[in-house]
Amino acid sequence: MSTEMVNPGDPRAAGHTLQGAAGFMRSGKVRDLFDLGGGAAAGRLLLVASDRLSAFDVVLPTPIPDKGRVLTGVSRFWFAQTADIIPNHLVGTSPNDLPAGFTDAAGKAELKGRMMLCRKATVLPVEVIVRGYVAGSGWKDYKRTGAICGIELPEGLRESDRLPEPIFTPSTKAEVGHDQNIGFDAMVELVGGAIAEQVRDVALRLYERGAEVAEKAGILVADTKFELGIVAGPSGDTRAFGEAGPHNQFAEGELILIDEVMTPDSSRFWDVDEYEPGRAQDSFDKQPVRDWLERQPWDKTYPGPALPPEIVADTRRRYVAAFERITGASFDRYLEEDVIAV
């Protein structure tokens with residue numbers, strides 16, 4: 001879960017939206033961020049989910065059509081489903097909500113279904129991760145130590161077993177490479193005790209709500225990552241962590257949910273009907289891409305190989321299936337009308 005940024009002029013940023021638009025701040029592996037400036041838009045950011053896809057910490061040259069719209073639509077669904085647990089950053093989703101003159105008709109068409117107009121926030125310097133099953137790095141950790149991220153677990157668990165109860169396992173945000181798991185005490189050192197306790201409580205409640213809704217739709221949420229922040233002050237200040245001294249900037253303000261929520265990119269989704277503990281599970285995400293890449297003569301460094309059409313199509317199908325199962329809505333209608341409805 002690297003937070004490495006790529007310059008929009010870099011070929012790794014294929015699929016970058018609104019090239020040359022005013023207020024561009026940066027591109028992440030998937031999302032592009034714009035500051036909408038002052039006036040009525042003061043304190044607002046535009047977050048745009050592209051169709052870029054990364055694997056093994058490399059942004060691949062081949063985008064997955066409509067992937068960004070799946071991520072945005074699923075996040076919009078979860079923001080609505082969890083607003084009673086924690087407020088979120090979402091202000092608007094229509095290109096018509098943007099300041100006059102921000103982009104032209106072609107830009108608005110590109111933004112449709114993939115944009116979120118958001119409140120600015122100071123992002124917490126930790127990845128907020130909840131695990132409900134023994135999988136991925138958690139399975140490797142458990143086999144080695146009998147625990148996941150230092151949390152002792154019962155003996156005899158198999159790969160993909162459901163945990164007795166969900167566990168909170170925060171990690172660092174690495175600028176380059178992989179994040180590192182940290183204990184709760186280390187998180188307290190980063191953000192303060194009160195915020196750490198609140199984040200843990202909120203994260204577990206969010207996961208439990210999401211897991212319940214998704215399971216009814218035939219999807220198990222094995223684990224997921226949340227992003228949380230503190231709403232910026234009246235000046236719209238979004239200083240990097242540390243500029244105000246150790247976690248002082250987190251002492252006041254409202255904790256909110258930001259970025260994406262329980263999407264195929266931020267979560268491990270399994271099909272209920274195919275779930276079988278004791279082995280790795282197939283996922284509703286970019287698993288076909290990972291599997292194909294593992295068979296290629298590639299050293300997992302930039303640049304990555306171009307994906308064949310059949311892998312692109314299979315990956316898009318999985319993302320769309322996740323959207324339709326979780327939301328209960330038609331993805332074709334979402335593309336046409338920018339609404340989450342049957």
Side-chain angles (χ1 to χ4, degrees), residues 1-5 25-26 28-29 31 33 43 45 47 75 78-79 82-90 116 118-132 137-138 141 147-151 165-210 223-263 265-267:
M1 298 181 187
S2 168
T3 56
E4 178 190 9
M5 296 300 173
M25 297 176 66
R26 60 181 179 270
K29 288 185 175 179
R31 286 169 178 76
L33 189 64
L45 296 173
L47 190 64
S75 294
W78 287 121
F79 281 133
T82 60
D84 62 319
I85 296 175
I86 182 174
N88 58 68
H89 69 174
L90 189 59
M116 289 190 287
C118 307
R119 290 189 285 171
K120 287 184 178 180
T122 302
V123 182
L124 298 184
V126 290
E127 299 283 8
V128 178
I129 299 168
V130 180
R131 304 171 189 265
S137 63
D141 198 5
I148 296 180
C149 301
I151 300 173
E165 59 183 12
I167 58 175
F168 175 66
T169 59
S171 74
T172 61
K173 287 177 181 286
E175 289 299 323
V176 178
H178 293 283
D179 304 327
Q180 299 297 317
N181 294 327
I182 58 175
F184 184 75
D185 290 344
M187 180 179 171
V188 170
E189 290 297 315
L190 288 171
V191 302
I195 291 294
E197 293 279 0
Q198 187 179 2
V199 167
R200 180 171 59 185
D201 175 67
V202 163
L204 290 169
R205 291 170 62 197
L206 286 170
Y207 175 83
E208 289 166 359
R209 172 71 57 80
D223 49 50
T224 194
K225 175 192 68 137
F226 301 108
E227 293 274 4
L228 289 94
I230 303 295
V231 172
S235 66
D237 185 7
T238 54
R239 293 168 295 185
F241 173 74
E243 293 179 4
H247 62 68
N248 289 347
Q249 67 201 96
F250 305 125
E252 296 181 1
E254 182 182 33
L255 186 70
I256 64 171
L257 186 60
I258 62 174
D259 198 31
E260 64 180 321
V261 187
M262 286 182 279
T263 71
D265 270 15
S266 66
S267 314

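Counting from 1, the numbers follow the sequence of the chain as shown. Every value quoted in this text rests on a predicted model; they were computed, and no experiment measured them.
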| task | Nearest 0.5 Å please: distance from the OG atom of S266 over to the CG atom of D259. | result | 8.0 Å
| What distance separates W78 CH2 from I85 CD1, expressed to the nearest 0.5 Å? | 9.5 Å
| query | How far apart are the closest heavy atoms of F226 and A203, and which atoms are they? | reply | CE1-O, 3.6 Å
| said: Within the 4.5 Å heavy-atom criterion, are I182 and L190 side-chain neighbours or not? | reply: yes
| message | When you compare the side chain of V199 with that of F168, does any pair of heavy atoms fall below 4.5 Å? | response | yes
| request: Please examine the side chains of M116 and E260, heavy atoms only from C-beta on, and report whether any two atoms are closer than 4.5 Å. | output: no
| If only atom types and distance count, is the side chain of N88 paired as donor or acceptor with the main-chain N or O of L257 below 3.5 Å? | no
| query | Atom NZ in K225, atom OG1 in T263: separation rounded to 0.5 Å? | reply | 8.5 Å
| Between L204 and P166, which heavy-atom pair has the shortest distance, and what is it? | CD2-O, 3.9 Å
| query | What is the minimum heavy-atom distance between E227 and V123, and which atoms define it? | reply | OE1-CG1, 3.8 Å
| request: Might you work through the side-chain contact (heavy atoms from CB on, under 4.5 Å) test for L206 and V261, ending with a clear yes or no? | output: CA-CA 9 Å; L206 286 170; V261 187; 5.8 Å; no
| Pairwise distance CG(L47) to OG(S75) - rounded to 0.5 angstrom | 9.0 Å
| note | In short, T224 meets S267 closest at the heavy-atom pair OG1-OG, 2.7 Å
| message | Within the structure provided, determine whether M25 and L45 are in side-chain contact (heavy-atom separation under 4.5 Å). | response | yes
| Does a side-chain heavy-atom distance below 4.5 Å link C118 with I258? | no
| Residue pair T82 / R209, side-chain donor-acceptor N/O under 3.5 Å | no
| request: For R205 and I86, run side-chain contact (heavy atoms from CB on, under 4.5 Å): C-alpha distance rounded to whole Å, both residues' side-chain angles, the deciding distance at 0.1 Å, then the answer. | output: CA-CA 10 Å; R205 291 170 62 197; I86 182 174; over 6 Å; no
| Atom of Y207, atom of D223 and distance for their closest heavy-atom approach | CE1-CA, 4.5 Å
| request: With the side chain counted from C-beta on, respond yes when V130 and E208 share a heavy-atom pair under 4.5 Å apart, and no when they do not. | output: no
| message | Rounded to the nearest 0.5 Å, what separates atom CZ in R31 from atom CG in D265? | response | 6.5 Å
| Considering only heavy atoms from C-beta outward, does the side chain of I195 approach that of L228 to under 4.5 Å? | no
| note | Looking only at heavy atoms, the pair that brings I148 and G138 closest together is CG1-O, 3.4 Å
| Do R200 and E197 meet the salt-bridge criterion of a basic N to acidic O distance under 4.0 Å? | yes
